[in-house]
2 protein chains.
Amino acid sequence: MTDASAPKTASPQTDKRAADDLFRILERKISSGELEEGAPLPPEREIVQTYGVSRTVVREAVLALSNKGLVEAKPRFRPIVRKPSADTALETIESLVRRLLVQPNGVKNLFDTRILVEAALVREAAVKANKSDIANLKTALDANLEAISDNDAFYRSDMAFHAIFFDISGNPLLPAIHRAYTAWLAPQWKQMPRMADRNRTNYDSHKAIFDAILMRDPDAAEAALRRHMTDAWTQVQMTFGDI
Amino acid sequence: MTDASAPKTASPQTDKRAADDLFRILERKISSGELEEGAPLPPEREIVQTYGVSRTVVREAVLALSNKGLVEAKPRFRPIVRKPSADTALETIESLVRRLLVQPNGVKNLFDTRILVEAALVREAAVKANKSDIANLKTALDANLEAISDNDAFYRSDMAFHAIFFDISGNPLLPAIHRAYTAWLAPQWKQMPRMADRNRTNYDSHKAIFDAILMRDPDAAEAALRRHMTDAWTQVQMTFGDI
DNA sequence: AGCCTGCTTTGGTATGACCAAACTAGACTC
DNA sequence: GAGTCTAGTTTGGTCATACCAAAGCAGGCT
């Protein structure tokens, strides 16, 4: 059954490839919900039957879905349908970005955009952080202090502190952006020697930002954030000599 | 020739796929410059010979390169090597983002991040725009004024005005981000009726931002920008009823 | 009930073949 | 001799078939 109307023999290929068509068909079935999130794709041989195309075409279409992040294809299993999230979107360009970063000033440019964004976020926080947000910041700050002597723990609590700024607005894109920043910049930071006094300095910087937010002073908050970030950048540069 | 050492028969597939390996090999050859930008990839059949794999594997690897934006594969031509740029990186997630946008508040969330970023940029412009930057803004502003009666022209000059803020810092990532914003948000704006009086209002908004920058007043510049953007958002909402 | 074994399913790969568009080079015309 | 036409040669796109090995399953054994 389901012979459909497709011409069986070597297709008289017109302008576009059959693989693209099938890709679009599957794409639609996923976004329309006909193929449910978490469910596996039909077996390749079944898709072959259904659409009257060769397995080659099916594989290429599925591979494209996988590359675009619409399905998750583990080496030897049926591909699992994945609805797109901001995270998967950013994961998709992960390798691209990694290549961008090795270009001259690549890391610096990315880091600068982070400063730009996070400066705006701390300003926002200074203006409209509510009780709950401030409590979260305080908790994270305390965690910083407690972890000063434990580099790994401090690294985590450091990221957690910054993450809060990306959460405050409630815009779901921002936390994803923060994760992207940390993931992409991590290779630089990881190798940076982390000593207790560095952690102490960072804690102080965090506290300065926090205090400025408490005072509802966006200018001071931004200034503190920028000091903190440029300081961190200086540290990275000292570690790597130059970038 | 080039029989190499690969076992010819059906490969005893271990843990990972040969296509991934070949992908990584080609990936390296591209980023190392061994395969030059703009040059075509070798013919599939030649790659088959060189690496002792089947054409199936070669096709999958090349398709993966194409999906990641490392090569540009037109329907019937040899794939052309493309070095990654911020633009290609963002093009890669284009379809993903498009899907993100149809989710509840998708457009709004993206637009909010644009406001966040551009607000930060106009602040920056107010503080450190140099003569040349300001001249560019003036030129763009004049172009706005001139195009008020021509909707298409105004749309272009409108974008050009905003683009300047993304150029000022000299960070090459930002112009790419601007293009991504305009491309992704364009579907909404395109359908918006553009009347001369709307253009006039937008021109006035632009002028307010420009004036604030001239006065070196970041707070005023940000405020003017936010008014402009929220006004634009209101217009979009009125056009679509609700989003 | 729990473990073992063998059949079936399914993705990964290899081959070989054919089509049609693109490319190339030699023949032909002016 | 420059330009054009044409036949043969690439080359990407697709199809069909076959085999491997891991995963999944089911029936049988302990």
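A quick note: this is a predicted structure, and the numbers were derived from the prediction, not measured. In what follows, chains are A, B, ... by sequence order, proteins preceding strands, each numbered from 1. Worth knowing before you read on, the calculation uses all heavy atoms, side chains too, and leaves out hydrogens, waters and symmetry mates.
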Integer-rounded Å distance: dA22(C) C1' and E44(B) CD: 14 Å
Nucleotide dA23(D), atom C1' - distance to NZ of K74(A) in whole Å: 11 Å
Roughly, in whole Å, what's the span from CG in D21(B) to C1' in dG12(C)? 12 Å
Here the residues of residues 58-67 of chain B within 4.0 Å heavy-atom distance, strictly under, of DNA chain C are none
Residues 72-101 of chain A vs ring pair (Phe, Tyr, Trp, His ring centres under 6.0 Å), sequence neighbours excluded, gives none
When the nearest nucleotide of DNA chain D is assigned to T56(B) and to P42(B) on a heavy-atom basis, which residue is associated with the more 5' position? P42(B)
Grab the CG-C1' distance between L22(A) and dC15(D) for me, whole Å please. 14 Å
Pairs of donor and acceptor atoms involving the side chains of residues 165-178 of chain A, under 3.5 Å and at least two apart or interchain, shall be tabulated with distances.
from: S169(A); atom 1: OG; to: N171(A); atom 2: N; distance (Å): 3.0
from: N171(A); atom 1: OD1; to: L173(A); atom 2: N; distance (Å): 2.9
from: N171(A); atom 1: ND2; to: N109(B); atom 2: O; distance (Å): 2.8

Give every donor-acceptor pair under 3.5 Å between a side-chain atom in residues 60-71 of chain B and any protein atom, sequence neighbours left out.
from: E60(B); atom 1: OE1; to: R59(A); atom 2: NH1; distance (Å): 3.2
from: E60(B); atom 1: OE2; to: R59(A); atom 2: NH1; distance (Å): 2.3
from: N67(B); atom 1: ND2; to: L63(B); atom 2: O; distance (Å): 3.2

Identify, with sequence neighbours excluded, every residue that meets ring-ring contact (aromatic ring centres under 6.0 Å, His included) alongside H162(B). H206(B), H228(B)
Of all the nucleotides listed (dC15(D), dA22(C), dT10(C)), which has the minimum atom distance to the side chain of F77(B)? dA22(C)
With the threshold set at 4.0 Å, does a side-chain nitrogen-carboxylate oxygen contact exist between E44(A) and R55(A)? yes
Look at the side chain of A18(A) and decide which nucleotide, out of dT13(C), dT14(D), dG12(D), has an atom nearest to it. dT14(D)
Atom-to-atom span, CG of D20(A) to P of dG13(D) - whole angstrom: 9 Å
Is any side-chain N or O of S54(A) closer than 4.0 Å to OP1 or OP2 of dC15(D)? yes
Can you give me the closest heavy-atom contact between L185(B) and L110(B), atom names plus distance? CD2-CD2, 3.8 Å
dG12(C) base / R55(A) side chain donor-acceptor hit below 3.5 Å: yes
Closest to the 5' end of DNA chain C, once R45(B) and A19(B) are matched to their nearest nucleotides, is A19(B)
From CG of L41(A) over to P of dG12(C), roughly how many Å is that when rounded to an integer? 12 Å
Rounded to whole angstroms, how far apart are CD on Q49(A) and C1' on dT10(C)? 14 Å
Listed once per pair and sorted, the ring pair (Phe, Tyr, Trp, His ring centres under 6.0 Å) pairs that draw on residues 27-48 of chain B, sequence neighbours left out: none
